[in-house]
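To keep things clear, I will list the structure first and then write my remarks on it.
Order of the sequence lines fixes the chain letters, A, B, ..., with proteins taken first and strands second; residue numbering starts at 1 for each chain.
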Amino acid sequence: MVIINKETRVIVQGMTGHQGTFHSGEMIKFGTNVVAGVSPGKAGTKVNGVDVYNNVIDTLPLKPDASMISVPAPFVKDAALEAMENGIKLVYILTEHVPVHDTMELYHEARRKGVFLIGPNSPGITVAGQAKIGIMPNNIFRVGDVAVASRSGTLTYEIVKAVTDAGYGESTVIGLGGDPIVGTTFSDIIRIFNDDPQTKQIVLVGEIGGNEEEKAAQYIKEHVKKPVTGYITGISAPPGKKMGHAGAIIEKGTGTAESKIKAFKDAGIKVASYPDDIPELLKK
Amino acid sequence: MVIINKETRVIVQGMTGHQGTFHSGEMIKFGTNVVAGVSPGKAGTKVNGVDVYNNVIDTLPLKPDASMISVPAPFVKDAALEAMENGIKLVYILTEHVPVHDTMELYHEARRKGVFLIGPNSPGITVAGQAKIGIMPNNIFRVGDVAVASRSGTLTYEIVKAVTDAGYGESTVIGLGGDPIVGTTFSDIIRIFNDDPQTKQIVLVGEIGGNEEEKAAQYIKEHVKKPVTGYITGISAPPGKKMGHAGAIIEKGTGTAESKIKAFKDAGIKVASYPDDIPELLKK
Amino acid sequence: MNLYEYMGKEIFRKYGIPVPDGYVIENVGELKKFEYPVAIKSQILSGKRGKAGGIKFAKNAEDLKTFSEQLLNSTINNLTVKKLLIERMLNIKKELYLSITLDRATKQPVIILSADGGMEIESVPEENIHKIYIDPMVGYSDYIAREALSYLPVENKKQFSSLLESLYKAFVGEDALLTEINPLVIDAENNIVAGDSKVIIDDNALYRHKDYMITDPDKTDLENEAASKSFTFIEMDGDIGVIANGAGLTMATMDALTLHKLKPRNFLDLGGTDNIEIVEDAFSFVMRARPKLIFVNIFGGVTKADTVANGIVSSKKKFNIKQQIVVRLSGVHEEEGQKILLDSGIKAFNNMTDAVKELSKIQGVE
Amino acid sequence: MNLYEYMGKEIFRKYGIPVPDGYVIENVGELKKFEYPVAIKSQILSGKRGKAGGIKFAKNAEDLKTFSEQLLNSTINNLTVKKLLIERMLNIKKELYLSITLDRATKQPVIILSADGGMEIESVPEENIHKIYIDPMVGYSDYIAREALSYLPVENKKQFSSLLESLYKAFVGEDALLTEINPLVIDAENNIVAGDSKVIIDDNALYRHKDYMITDPDKTDLENEAASKSFTFIEMDGDIGVIANGAGLTMATMDALTLHKLKPRNFLDLGGTDNIEIVEDAFSFVMRARPKLIFVNIFGGVTKADTVANGIVSSKKKFNIKQQIVVRLSGVHEEEGQKILLDSGIKAFNNMTDAVKELSKIQGVE
């Protein structure tokens, strides 16, 4: 188990919304311990059998450990601050299109407060057989020893399914989020995976932009003995063109698909050319 | 030794000013390792034989550990941020009349960055026989085992001199500063004194306002075996009247001289009625 | 610095916090045509102003003039009423309490709220007072208003949220130690209005707010004049003029006098100086407070003992001081200082306890 | 969103950053009486505009008109010039470089400076480029300007400090990803003026800046229209229309095509949706880009495979699509989706590699 488990007490900010309702239901089906919802003005109602409160502070008697944030982008910063200032130590932001200046502030505040921040624009985290906070499809997982970290959403499901279909299982799967700044990066998660006894091998699904893949590769080179398989998207992206919220602004010198693939190879990481190739590269 | 010693590499921000020049000279006489001065626009000059630079960043090759800030109050926040953001881990602010909102920001930034912030409006810190950062008179100290923490300036010198004249000596003497918010409080320093093998007994010179004396008393009650002597000023202060920068706004319920003296007595601290009485209460 | 109600309300207006329409007068000639009824509010820095008769209501111009004449220059709670705030009377449905102040314990701004407004917050039961702390590194965010609203019977939630955000901006932007609205009025139309204001600005930050700052209404004229010379000088009820150096030592001096049943006429911190003229300035303020006896308590450091001794001697001549001066001189240049004093016939002690005993003897309170 | 020079300069002006006097025209009828000499600057989003002939100088009204006529609607670096900025010509003494951007590695704003201005910053030697990081929790403080000045030959230090503070305020206040001034001009009177502007605003924050935002000048009309419907849609040079779901999967799709020497006509991320109409909207944009062949690559999750299948079938009818559609459907409701497609004669693959092979076969690039 890494980061969350069956006991983790989760609240959902924005639970009465369309996404909040659907995904909290899926989470409960998966086995997640959803203890409360928060939606201003909706106190007293129930969603998926779970009580809804107006404010995070009202849920504190339930001792929440984690919050999933599924509110519209303009309200994400406020909701995440509400969770962090009320002492919640794991905050996951589902919402996409969050202004990067908002995320930047949340990133630094999370580090200051010792909050594990996932996202924004992330599919969340799933620990197979334990709990899921986020929106990954429930049925693609099998309990196993492959940990996956990815900057993508759909592509992650695709890869997890391929891994499962090939007869492997997963320990922890985390979507870091597709934005230029996210709370948890490859270099953070690689340490955690490396220390997790349940994880025997690691898959990293990177993307052009930033230098987190390069930093993680450096760490792997120096500290990680577990086999690592990598894949980088964006090799075809024209320099300077921005591929939506994929965080794909090519940066001078670093951040290209080439530099990331090179860093991976230098660190002894097996690099797949297509997502479909990943299962073949896993250690039997 | 606590906090600083002969080796501590000190810079002085505002060294070319009247106060900066005088006190850096006294510090050097005391034995303090003053490695550089900082005064914008004054690079290339020397004060007391020490090179002056324009910016803190220019002194980084000298590996400064601590900075003394002696610039006018409106520039204190900027100077302290300059020191902290450049990685200096002990920042002492001599200046009085710093706006409390500025100090509040510095307090939180110091905690975040792990900076030991002393002051503002503080006479500084002296480790007898080692080093002094601040403005305490050089000739009142003798190396010994009495640690002193005080919220006052002149009153501290008076008490230290009385302690020395009575045949005792000091380990570390720190002036926490007379403002409503200061970087280091009694409850911070009491832990440090308690852990310091050189310190055999402790003198706390408190003042009305705030609840730091009460918090320290609680800690002493639970953790401190060393004898502690206390003195509280402001017993005569009319409620609600503010005694200048002494930080003496009486707060509802807590913060009165009575509540502090009671907290001290409850914690087994011997309480002096007059500053002159302190040496008599010390353990022989 | 404590601000008068009308000054606090000017700040509120600047930050978009609704206040009743109104204007300030210093004499009845300044009364204007205005919609009735109006409230006539004495501008004094004192609680329980209403109970003491400092607030009256007028239904017409005649009443307004009569009451204004009564209030202006009257004495309420020992304070002279120099200004009146004439305000449109609010149609009050509910009174709440809202303030932001600095919590010294956590070093954070704290919002204090209560559904029980209109009375002194000290008399509101603890369980009806709610506190919300704001981390100054993060600042205000909307969830704070949502939480605040969960404690208050407010229907116009949007208006309250924006008011609270504005109050926080005023607190930070004006370097306030306190921004208090009591009562925070909900009127018959469910609008939220600041019924009163109590604002305290950090003296040390006044240089950033020169626009509206003149003299501190909470200080005596002499105190204000001393403040303009950077002395911390406070007038008190006793008869012993005090000059000491350092806030802590000065306060300890007051304490020692009080413990000996001696009564200080003033608090004066000479500060860290080494200038005879500043010592003379200090004497000029103390003498104007007309003490019966003078106590100078100095521990020399930055302020050297001999400089102070010279200042005492020259002040004695300059201000023709007849009162007895008891001096305690210690620390840097102590011996030089004591000799200077002795030469001009003043005996100086070198410890505080002895000097205070001498004062007791002179005052016959031993 | 990339802003034109004149838009960036409007922002600069709003924050008090000095810019040359000037005005914008779309046709020569809008030319005004103005002090000569003037610079005539083509408003296109392209570097090396000057070298490509996009900037001209006029000494009198006649030249101004002639050059403006030449430049307007001309093509420079493959872009059509629709607007000109007419500006008072600066008397340049020195050109510096100054920008603030977001450093993804440290998650902080970073100030980038160089005494070598007026050329592309990429061509300035590393040792002449200086970086100062700003902690966003602390913000700007004056020492940052002092440090910056130690790297730059600037005499008017006060003006520079205030300019730098304003640029940081603009960077934060306008949700910028980049605020760049190149050249930062020091003129003959030692005044500092922004000679050019390059400003990029975070698309996700445009809702906070509705005042000056209309359409993204950096996007094609079709891209802008798609953006207004919240699609991430980018036109490209190839011939295969692409619809996929999720930014990562869409990008991986592009990569797979490219690795097989297939050329995408567009990037279109369907996003997480479960609505047939959105699939139809996606097709409408792809069809307007006139692809030769269409590739739909879906991994069902929130977006269910059968919904997409239904959307494909209805789009085919609605837009009368003659082009071949290659579909890969996998994930949630995969079997239902494949059946729907098969029923209307479209063969769906369930893995990406097979689908791409099929495309290669059709295009004959195997």
If we ignore hydrogens and angles and just use 3.5 Å, is the side chain of T32(A) paired with the main-chain N or O of I28(A) as donor and acceptor? no
Given a strict heavy-atom distance threshold of 4.5 Å, which part of M137(D) is in contact with chain A: side chain, backbone, both, or neither? side chain
Sort T101(D) into side chain, backbone, both or neither according to what part of it lies under 4.5 angstrom from a heavy atom of chain A. neither
For the side chain of N351(D) and the backbone of D354(D), is there at least one donor-acceptor N/O pair under 3.5 Å apart? yes
Please look at E109(A) and chain D and tell me whether the side chain, the backbone, both or neither of the residue comes under 4.5 angstrom of a heavy atom of that chain. both
Chain D heavy atoms under 4.5 Å from P123(A): which part of the residue, side chain, backbone, both or neither? neither
Which label fits F299(D) and Y157(A): parallel for a plane angle under 30°, tilted from 30 to 60°, or perpendicular past 60°? tilted
Heavy-atom distance under 4.5 Å to chain A: side chain of Y207(D), backbone, both or neither? side chain
If only side-chain N and O atoms count, and only distance matters, is there a donor-acceptor pair under 3.5 Å linking T307(D) with D274(D)? yes
From M352(D) CE over to L249(D) CG, what is the distance, rounded to the nearest 0.5 angstrom? 6.0 Å
Between E105(A), M136(A), R112(A), who has the most heavy-atom pairs with chain D when the cutoff is under 4.5 Å? R112(A)
Any donor-acceptor N/O pair, K215(A) side chain to S187(A) backbone, under 3.5 Å: no
At a 4.5 Å cut-off on heavy atoms, which part of E212(A) comes close to chain D: side chain, backbone, both, or neither? side chain
Can you tell me which portion of I232(A) sits under 4.5 Å from chain D's heavy atoms? Options are side chain, backbone, both or neither. backbone
With chain D as the partner, which of D277(A), T185(A), D102(A), N139(A) has the greatest number of non-hydrogen pairs under 4.5 Å? D102(A)
Inter-residue atom distance E225(D).CD - K219(D).NZ, 0.5 Å rounding: 12.5 Å
Would you call K113(A) and E85(A) a salt bridge, using N to O less than 4.0 angstrom? yes
Determine the interplanar angle of the F231(D) and F285(D) rings, folded into 0 to 90°, and report it as parallel if under 30°, tilted if 30 to 60°, perpendicular if over 60°. perpendicular
Identify which of G300(D), S230(D), A176(D), A227(D) forms the greatest number of heavy-atom pairs closer than 4.5 Å to chain A. A176(D)
Report the C-alpha separation of V308(D) and N245(D) in whole Å, then their side-chain angles, then the decisive distance to 0.1 Å, and conclude whether the side-chain contact (heavy atoms from CB on, under 4.5 Å) test is met. CA-CA 10 Å; V308(D) 176; N245(D) 66 325; over 6 Å; no
Given that the side chain runs from C-beta out, which part of S150(A) has a heavy atom under 4.5 Å from chain D: side chain, backbone, both or neither? neither
Chain D: which of I181(A), T103(A), I140(A), T156(A) shares the most heavy-atom pairs with it under 4.5 Å? I181(A)
Answer with side chain, backbone, both or neither: which region of V100(A) has an atom nearer than 4.5 Å to a non-hydrogen atom of chain D? both
Please rank A252(D), A205(D), P109(D) by heavy-atom pairs under 4.5 Å with chain A and give me the top one. A252(D)
Quick check for you: among I135(A), I159(A), V98(A), which has the greatest number of heavy-atom pairs under 4.5 Å with chain D? V98(A)
Identify which of P275(A), S152(A), P74(A), A73(A) forms the greatest number of heavy-atom pairs closer than 4.5 Å to chain D. P74(A)
F171(D) versus chain A, the contacting section by heavy-atom distance below 4.5 Å: both
Give me the atom names and distance for the closest heavy-atom approach of F267(D) to A247(D). CZ-O, 4.2 Å
